[in-house]
Amino acid sequence: MDYKIALVKGDGIGPEIVDSAVKVLGRVGEKFGHSFNYTDILAGGGAIDATGEPLPKESIDLCLESDAVILGAVGGPKWDTLPGHLRPERALLGLRSAMGLYANIRPAVLYEALLSECPLKDSIACEGIDMVIVRELTGGIYFGERGRGEGPMGPEAYDTERYSVTEIARIGRIAFETAMKRKKRLVSVDKANVLESSRLWRETMHMLSADYPEVEYSDMLVDNAAMQLIRKPLQFDVIVTSNMFGDILSDEASMLTGSIGLLPSASIGSGKLGMYEPIHGSAPDIAGKNAANPIATVLSAAMMLRYSLGLEEEAVCIERAVSRVLKDGHRTADIMGDSKAAPLSTTEMTEKIIENI
Ligand code: NAD
């Protein structure tokens, strides 16, 4: 089969890690008889430099014409002082919104070979951490009305959290369906003791739970969830939550697995088109040094094969290769632990993964 893939390499380490994913996909294509045709898309800081805006319309159109989008990361200190609407990160929000990608699926798996990288005590049983966070992606406070003004106490600013039943129900269905394919356990995280939007979130999730009697469903307040992730992470299988809570909790969960450089994500909507990206940022501190861990992006490509292209066997093949490479003791700098051995570079780690496919 032939597939059209849009590549948003982005800024910082983005181009290096996207190149790794492309090389790995090349090997998968050879093995399984697929061809992946790529289009480079301008978005983020590079787009600001070239066109004056973070997400040119042409970039959106090209993404919409593709079967899937792979994104490295956008942003960096060079663009940090620009006003909000011109920041590189606007490209992410713009793409997610234009492509209707309302669900972000973030697995957090601690590989057996990396148990020592889990920052929690052994007694908390890091072994077995394997959860998925389903985060709402195109609504809530990140997209709500915002502004600045003059209030009774002087200058002030506000952002608004607003959710409709439709938005909550569609992310809820993805979460329940995800739970059905796993251990059939779902926790919905909200702040229903304070926020009206969370109360609607909770009511809607309860309504949906009636359609999934096999799923063991529960609610948890976000402050408690932040604590429980550290206290007893093994209680979680699938978590569903709003845009902002998901943003924060998924980064917290990622640290349980040892490195942010390991974790992929899929942003999906109602159709097949999706965007696949590592959960980390553009890591300006290591950009251009061939030192980034490419695994998060390579595993994002595997999620693309699974969710957008329906190539399950090929996706599993990449995931097994990554697992084998880690089991064989190969490490990039971010997952070296106390080892005194020389870390693998981005390109060396990529080669190891390819050798295992
Ligand atoms: P970051 O994720 O870029 O980096 C945090 C730390 O993790 C750094 O020490 C970095 O070196 C390390 N790290 C990240 N990815 C790694 C990898 N693959 N291998 C090894 N180490 C890795 O977060 P930050 O420093 O807060 O943000 C840097 C820039 O990225 C900012 O401009 C931010 O806005 C942007 N950002 C973009 C995205 C995105 O494009 N999706 C997400 C988060 C942050």
Side-chain angles (χ1 to χ4, degrees), residues 9-24 27 70-73 75-77 106-131 133 229-230 233-234 250-265 276-303 317-357:
K9 293 184 178 174
D11 311 309
I13 59 170
E16 300 164 57
I17 52 178
V18 171
D19 282 351
S20 295
V22 167
K23 284 184 194 153
V24 171
R27 173 71 193 113
I70 296 179
L71 183 138
R106 292 185 170 197
V109 177
L110 175 61
Y111 289 91
E112 207 185 324
L114 292 179
L115 275 180
S116 60
E117 297 295 309
C118 178
L120 302 183
K121 287 189 291 195
D122 286 352
S123 58
I124 296 175
C126 293
E127 197 168 352
I129 290 178
D130 177 359
M131 66 180 91
I133 299 188
L229 273 170
I230 303 297
L234 298 195
S250 58
D251 269 21
E252 186 186 349
S254 77
M255 275 326 292
L256 303 178
T257 70
S259 171
I260 201 166
L262 293 167
L263 298 187
S265 83
Y276 301 86
E277 54 181 306
I279 73 156
H280 58 72
S282 59
D285 51 335
I286 54 169
K289 295 184 178 158
N290 196 18
N293 189 341
I295 289 179
T297 316
V298 167
L299 290 175
S300 301
M303 291 186 89
C317 183
I318 294 182
E319 288 161 353
R320 289 215 178 112
V322 166
S323 188
R324 224 170 292 134
V325 163
L326 293 173
K327 202 168 175 190
D328 289 347
H330 302 298
R331 303 282 185 271
T332 42
D334 57 312
I335 47 173
M336 287 298 292
D338 297 330
S339 165
K340 298 279 178 286
L344 293 190
S345 66
T346 309
T347 41
E348 287 166 337
M349 179 55 101
T350 308
E351 282 310 315
K352 290 289 171 207
I353 297 169
I354 290 170
E355 281 167 23
N356 278 278
I357 288 179

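We use all heavy atoms of the structure for the numbers below, so side chains are in, but hydrogens, waters and symmetry mates are not.
Judged by distance alone, the side chain of Ser254 and the main-chain N or O of Asp251 form a donor-acceptor pair under 3.5 Å. When atom types are taken as modelled, the side chain of Glu277 and the backbone of Ser265 share no donor-acceptor pair closer than 3.5 angstrom. Put simply, the side chain of Asn290 gets close to the backbone of Thr347: a donor and an acceptor are under 3.5 Å apart. A donor-acceptor pair under 3.5 Å is formed between the side chain of Thr346 and the backbone N or O of Ala292.
Nearest heavy atoms, Ser282 versus Gly75: OG-O, 2.7 Å. Closest non-hydrogen pair, Leu234 versus Gly128, comes out as CD2-C, 3.7 Å. Shown here for Ser300 and Pro278, the closest heavy-atom pair between the two residues is OG-N, 3.4 Å. Minimum interatomic distance between Ser250 and Ile133 (heavy atoms only, all atoms of both residues): CA-CD1, 3.6 Å. Counting all heavy atoms, side chain and backbone alike, Leu299 lies closest to Leu262 at CD1-O, 3.5 Å.
Proximity of Met255 to Leu263: side-chain heavy atoms (C-beta onward) are nowhere separated by under 4.5 Å. Put simply, the side chain of Asn293 does not reach to within 4.5 Å of the side chain of His280, judged on heavy atoms. For the pair Pro294/Thr332, a side-chain contact is recorded, criterion being any heavy-atom separation below 4.5 Å from C-beta on. Residues Leu229 and Met131 have side chains in contact (heavy-atom distance under 4.5 Å, counting atoms from C-beta outward). With a 4.5 Å cut-off on side-chain heavy atoms, Pro343 and Arg331 do not count as touching. Counting only heavy atoms from C-beta outward, the side chains of Leu71 and Val18 never approach each other to under 4.5 Å. The closest side-chain heavy-atom distance from Leu120 to Pro233 is below 4.5 Å. Annotation: side chain of Asp334 is not in contact with side chain of Ile286 (no heavy-atom distance under 4.5 Å).
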Let me have the donor-acceptor pairs involving side chains of residues 108-119, under 3.5 Å, with sequence neighbours excluded, atom names and distances please.
residue: Glu117; atom: OE2; partner: Gly337; partner atom: N; Å: 3.3

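Remark: Ile13 CD1 to Asp285 CG distance equals 8.5 Å, nearest 0.5 Å. Atom NZ of Lys9 sits about 10.5 Å away from atom CD1 of Ile70, to the nearest 0.5 Å. Arg27 CZ to Ile357 CD1: the interatomic distance, rounded to the nearest 0.5 Å, is 7.0 Å. Atom CD1 of Ile260 and atom CD1 of Ile335 lie 13.5 Å apart (nearest 0.5 Å).
With sequence neighbours excluded, no residue satisfies salt bridge (Lys or Arg N to Asp or Glu O under 4.0 Å) with Asp328.
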Evaluate Ile230 against Glu252 for side-chain contact (heavy atoms from CB on, under 4.5 Å), listing each step before the verdict. CA-CA 9 Å; Ile230 303 297; Glu252 186 186 349; 3.2 Å; yes
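Screening residues 348-357 for side-chain hydrogen bond (donor to acceptor under 3.5 Å, both in side chains) gives Ser20-Thr350, Ser345-Glu348 as the qualifying pairs, with residues at least two apart or on separate chains.
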